[in-house]
Amino acid sequence: MGGYILKRLVSAVPVLLGISLIVFVIMAMIPGDPATAILGSYATPENVERLNRYLGLDRPLWQQYLTWLGNLLQGDLGRSFALNRPVLDEVLERFSATLILAGTAFVLCALAGIVAGVVSAARQYGLADKAITFAVILGISVPSFFLGMMLILLFAVQLRWFPVSGMYAVWGGGGPGDLLHHLAMPALALSLVATGVIARLTRGAMLEVLRQDFIRTARAKGVPERRVIWGHALRVAMVSVIPVLGIQAGFVLSGAVYVEMVFQWPGVGRMLVEAILKRDILLVQGGVVFIAACYVAFNIAVDVAQGLLDPRIRT
Amino acid sequence: MTLALQTFALARSFAVGRRLIGPPRARVHAVRPMSLQVRQGETLGVVGESGCGKSTLARMLVGLLPPSAGRIEIEGRQLDRADPAAFGRLIQYVFQDPVSSLNPRKTIRQILEAPLRHLHGLRGAALQDRTAGLLASVNLRDAFLTRYPHEFSGGQAQRIGIARALAADPRILILDEPVSALDVSVQAQVLNLLGDLKSRLGLTYVFISHDLAVVEAVSDRIAVLYFGALVESGPAERVFATPRHPYTRLLAASAPVVGRPLGGAQSGELPDPMNPPPGCAFAGRCPLATALCRQEAPVLRAIEGEQFAACHHPLAS
Amino acid sequence: MRLFLRLLLRNRLAGFGAVVLAAIVVLALVTPLLPLHPPNATNTADRFLRPLSGAHLLGTDHLGRDLLSRLLWGTRLSLAVGFAAAVTAGLAGAAIGVVAGFFGGRTDNLTMRGIDMLMAFPYILLALAIVAVLGPGLMNALIAVAVVNIPFFARNIRGVTVGIAHREFIDAARLSGLGNAGILWSEVVPNVVPVVVIAMSTTIGWMILETAGLSFLGLGSQPPQADLGSMLGEARAALITAPHTSVVPGVMILLIVMSVNLLGDGIRDALDPRLRSGALARPMAATRVARRSVPPPSGEGLLRLDGLETQFHVGSRIFRAVNGVSLALNPGECLGLIGESGSGKSVTAMSVMGLVASPPGVITAGAVRLQGRDLIGAPYEVLRGLRGSKVAYVFQDPLSTLHPLYRIGDQLAEAIRAHAPVGRAEARARALRLLHDVRIPNPGDRADAFPHELSGGMRQRVGIAMALANDPDIIIADEPTTALDVTVQAQVLALLDDLRGSRGLAILFITHDFGVVSQLCDRVAVMYAGQVVEEGPTAEVLAAPAHPYTRRLIACVPELGAGRRALAAIPGLPPAVDDLPPGCAFAPRCDRATDACQSGEVAVSGSLHKVRCHHPEGRP
């Protein structure tokens with residue numbers, strides 16, 4: 001098992017390098033030069049050129065990449081010109097807010113989705129199955145930003161149960177109770193789509209597994225039905241559900257961008273959208289690389305979980 | 001007597017744990033250097049259990065798989081390596097699973113026309129006539145031409161597979177477990193059809209199977225494979241009646257036969273292909289094995305008359 | 001195609017989706033012809049008019065523009081963009097996937113590593129990055145969404161292609177003289193197209209959502225042009241004061257995406273052959289029972305089947321797999337049940353403990369009595385208590401019948417603990433003893449192995465050990481050696497025979513091999529088309545078969561040592577069990593059949609050696 005984990009970690013290195021290269025190339029393709037963007041369109045050509053030299057933009061592209069990569073490895077993502085602070089500081093601060101939101105939503109959708117999927121499969125064509133199937137179709141069809149807006153209208157404006165938007169600082173501010181109070185609606189809005197996807201996938205995987213021979217074996221040896229479903233069948237179904245959990249984590253992270261906009265959540269997604277609209281390239285670049293790296297790390301964790309579950313892939 | 005098919009030290013190994021660049025982690029020898037002769041008009045039966053390399057051998061013989069070493073001669077001519085189209089006119093293949101070997105989205109007509117068009121360039125009326133003739137030669141009705149494979153039973157699908165192989169007008173057919181997927185009553189129909197076709201068209205067969213009784217019933221000579229190597233060969237009526245290699249004896253004793261008590265329950269299984277033993281691959285299961293067997297792999301040699309065995313201590317008749 | 005449409009419309013939800021979607025698409029198509037306000041005509045005096053106010057059916061937005069008109073024009077745009085993105089991503093992804101999957105090797109490896117790299121980004125990051133490069137705009141949002149989704153299609157289609165590329169018909173095409181291009185075009189692509197269509201139809205809703213999302217963020221369509229996403233984005237500022245400006249486009253997105261999803265699911269289900277045959281139904285814990293009456297016991301026996309009928313109900317078709325089977329198994333006896341595939345021998349065996357998959361299986365008549373007690377229709381808990389403790393099963397393919405993710409020691413321990421109130425340690429000790437009993441070397445190490453780490457023969461020994469776990473009276477072995485090599489088969493048969501002697505087990509042994517029957521079984525019953533046609537002591541039945549089918553079946557089988565010979569085949573095929581002929585099911589293939597055989601039930605005659613035939617062998 002240790003070897004398997006090590007292998008996963010090593011295999012992440014080329015992926016991370018590839019990611020950094022893709023991001024760098026994409027950002028290098030952005031039309032117009034950053035110096036003009038920083039200095040404004042009335043800057044003199046000499047000033048632009050001086051700034052370009054200062055930023056290293058006059059050197060060949062591969063040199064720029066290596067310099068950038070070297071800085072990246074030392075934790076230096078550059079400076080955001082619009083905010084005038086180090087990109088890393090800004091990203092870290094914003095990312096912790098996103099992590100609270102997306103993490104909560106992810107746990108919610110994984111638990112609810114799997115339970116709903118199993119129940120739905122175990123009672124195929126029953127009332128519970130029909131209700132869940134309908135809820136799932138509705139869930140995966142509603143855009144999270146629209147759902148968020150409707151939640152605000154219902155629970156914040158009409159019922160006044162939850163605040164309309166925002167969150168306080170993670171530490172201090174209103175404390176954990178206040179955080180939860182602010183978190184409830186955005187987390188719900190964010191998790192619904194993924195819950196639907198996971199529930200539907202779990203149902204399909206369970207139905208597939210329940211027809212297999214080893215389920216008949218379990219029944220033939222007299223294992224109680226509850227254990228057949230939640231033990232024997234679910235364990236094998238998880239083999240196909242877990243990789244999708246990894247993919248869904250990406251969708252939850254993506255959905256966070258919309259939900260952060262709707263609920264004014266001070267997360268990294270909102271930061272990125274604002275940075276793109278302001279053409280704050282270094283902030284976009286740093287943010288994208290950082291999130292992608294975190295996502296790679298998460299997927300390694302998913303792979304390890306998969307390896308723990310399925311001895312056949314631990315080679 | 002002319003040889004229809006001959007192999008010279010034909011071998012195939014597979015890479016295990018292939019990397020993006022650089023050599024693979026290990027190689028598994030599916031077929032060890034093997035020299036076979038098949039005479040014009042005979043049926044050579046090839047038997048062996050799973051992992052003995054019989055399917056790999058078959059795929060090399062028809063050019064679907066390039067050999068790692070050795071060569072193949074058909075009617076005295078050496079064939080270009082792994083060009084199925086060049087092989088196709090001389091040697092054809094009948095698959096084990098009749099349903100999986102037919103494209104589910106093509107009609108029987110399209111399936112039968114493909115070799116006629118591509119290997120023989122037939123068009124128009126000649127194509128029509130030949131297709132209908134092929135179907136008739138495997139005792140199927142014309143009406144089947146417009147149907148799709150899923151509409152057929154296993155036995156009918158296997159007849160279509162045979163008709164397709166015959167469409168290329170080959171000299172030799174490689175039959176890879178052609179009746180294993182069929183029920184016994186249908187199996188007999190297909191075996192009899194194959195016998196008819198052989199005498200009518202003057203074909204040569206290589207008949208691969210794990211079923212000793214079937215092989216014995218259809219073959220002139222039999223070759224026994226174990227762990228990628230030829231361990232015994234000889235006339236069909238002698239190989240199982242008076243086996244020379246202890247493995248052949250175990251095989252024959254294990255086959256359930258009506259009226260014979262349970263037998264051959266000898267312990268032991270195949271060696272690990274990733275980590276093969278140095279000497280004879282059967283030594284670990286063999287009651288006659290000596291130190292010599294564990295060190296040195298025996299070579300195939302004539303034991304008596306036409307009977308060959310690869311064994312340091314062959315059995316007496 | 002007609003079948004496809006019928007299946008699609010039979011699914012009510014999909015039909016509903018189709019109708020809603022069709023309505024929306026028609027509305028979007030005729031939008032330019034409708035007498036609407038110009039969508040971009042501003043009138044700040046009339047801002048935020050509520051729905052149903054005067055000339056504006058759905059009210060107006062923050063610039064006083066007519067919402068209905070903007071909604072329809074926006075829908076038009078969103079539909080077109082979503083559809084275009086799905087088609088682009090689908091075609092590009094499919095092309096990559098087909099090429100990578102078909103050629104394999106380095107091509108595949110490098111392509112898929114690149115795809116994996118793209119998938120290492122949460123999708124929106126990549127979309128945002130692409131929009132950052134290309135600049136905000138609807139066309140750019142479309143490109144971003146399409147590019148981001150290519151990896152999903154490529155992966156999916158590659159998997160399907162790899163499966164197809166290893167099918168035998170590809171080899172057959174090669175031998176027919178086709179080159180790579182020809183095979184790709186005529187063999188692979190036709191089999192991939194349905195998968196691409198399914199993938200597109202199930203993701204098109206998602207694409208519409210994604211492009212709407214980018215527009216919502218202000219990165220898609222730019223003012224004054226509006227799709228549904230940007231309408232929602234602009235309305236957000238006035239969410240609390242004028243909620244209708246948000247609700248209108250939001251509900252429209254919801255309707256479109258939901259109807260697309262419903263329809264997409266319907267298309268997928270209609271194209272999936274497994275659903276058609278009911279093979280995706282979840283089998284229940286015990287076979288469904290629907291019998292009118294209980295037949296009286298017709299004799300003694302440890303296990304007695306009386307007039308058992310098991311059917312499969314698929315749609316309107318009824319497959320009579322088991323058609324009135326009566327059998328008895330005595331203590332310590334081995335009864336062989338022999339027949340060709342489809343003869344109903346396995347279904348008979350599975351019916352005993354209610355293990356026939358249901359749906360579609362239904363037990364419609366008869367009784368199964370264990371020591372005189374009827375098991376058909378017994379409550380689930382009673383059945384469960386007997387499964388594995390009184391009657392245990394050994395199945396055919398030990399790789400698929402053992403749980404792939406549990407260690408074999410745990411699987412054995414579970415079988416013990418399902419019936420005996422013992423602790424973990426005690427269960428494990430017993431499990432090791434069982435492994436020893438079935439002659440597995442090093443039971444202590446092997447107990448911690450997973451099934452895939454064992455050879456086929458070892459796995460089947462584990463299967464037998466599991467059946468022995470609770471010292472059952474009866475073992476039902478369903479072709480336990482069919483998947484094994486002949487030398488391993490001999491080992492397993494010898495083991496079963498020894499255990500029978502040492503434990504006094506009764507065995508019901510299902511097989512298609514007369515050799516195995518003759519070596520192992522005291523009595524044999526021959527099945528054809530769901531009925532037992534002959535039953536008697538093994539040696540007698542094999543030496544002097546009374547039923548023409550038995551005689552001719554034996555004649556078909558080549559026998560080792562008989563030498564080269566032509567085989568006596570039985571012409572024709574066994575009848576389909578959903579369309580059984582009246583009278584004797586074998587009559588159409590039988591050379592002794594007379595008019596009497598073509599109609600009416602054939603009675604069983606004989607007491608020790610029974611036969612179901614009007615003209616048994618040896619009698620005129």
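Heavy-atom basis, side chains included; hydrogens, waters and symmetry copies ignored. These numbers come from a predicted model, not from an experiment. Lettering follows sequence order; numbering is per chain, from 1.
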Is it the side chain or the backbone of [X] that comes within 4.5 Å of chain C heavy atoms, both, or neither?
X	answer
B:Val184	both
B:Leu212	both
B:Ala236	neither
B:Asp220	both

### Message
I'd like to know which of C:Ser186, C:Ala568, C:Ala539, C:Gly179 tops the heavy-atom pair count under 4.5 Å against chain B.
### Response
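Highest number of heavy-atom pairs under 4.5 Å: C:Ser186.
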### Message
Quick check on the interface: out of C:Val516, C:Asp171, C:Val557, who has the most heavy-atom pairs with chain B under 4.5 Å?
### Response
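Top count of heavy-atom pairs under 4.5 Å with chain B: C:Asp171.
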From [X] [atom1] over to [Y] [atom2], what is the distance, rounded to the nearest 0.5 angstrom?
X	Y	atom1	atom2	value
C:Leu175	B:Arg164	CG	CZ	8.0 Å
B:Leu262	C:Leu495	CG	CG	11.0 Å
C:Ile170	B:Leu64	CD1	CG	11.5 Å
C:Leu560	B:Leu251	CG	CG	9.0 Å
B:Glu216	C:Glu559	CD	CD	10.0 Å

Side chain, backbone, both or neither: which part of [X] has an atom under 4.5 Å from a heavy atom of chain B?
X	result
C:Ser176	both
C:Ile554	neither
C:Glu340	both
C:Asn191	both
C:Leu493	both
C:Arg589	side chain

Highest number of heavy-atom pairs under 4.5 Å with chain C: which of [options]?
options	answer
B:Arg117, B:Gln187, B:Arg59	B:Arg59
B:Pro170, B:Ser100, B:Ala114, B:Ser50	B:Ser100
B:Gln189, B:Glu49, B:His118	B:Glu49
B:Gly51, B:Ala167, B:Pro104, B:Gly195	B:Pro104
B:Glu237, B:Gln96, B:Lys106, B:His210	B:Lys106
B:Thr43, B:Ile111, B:Asp183, B:Val258	B:Asp183

#### Entry: Pairing residues for C:Asn442 by the side-chain contact (heavy atoms from CB on, under 4.5 Å) criterion, not counting sequence neighbours
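Partners of C:Asn442 under the side-chain contact (heavy atoms from CB on, under 4.5 Å) test: C:Asp445.
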### Task
List in chain and number order the residues that pass side-chain contact (heavy atoms from CB on, under 4.5 Å) with C:Cys556, two or more places apart in sequence or in another chain; answer none if no residue qualifies.
B:Ser185, B:Ala188, C:Ile570
### Message
Under the rule for ring pair (Phe, Tyr, Trp, His ring centres under 6.0 Å), what residues qualify as partners of B:Phe95, not counting sequence neighbours?
### Response
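Partners of B:Phe95 under the ring pair (Phe, Tyr, Trp, His ring centres under 6.0 Å) test: B:Tyr93.
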### Toward chain C: residues of residues 152-163 of chain B with heavy atoms under 4.5 Å
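Counting heavy atoms that sit under 4.5 Å from chain C, the residues of residues 152-163 of chain B involved are B:Ser153.
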### Residue pair B:Ala255 / C:Gln519: nearest heavy atoms and the distance that separates them
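So the two residues come closest at O-NE2, 4.3 Å.
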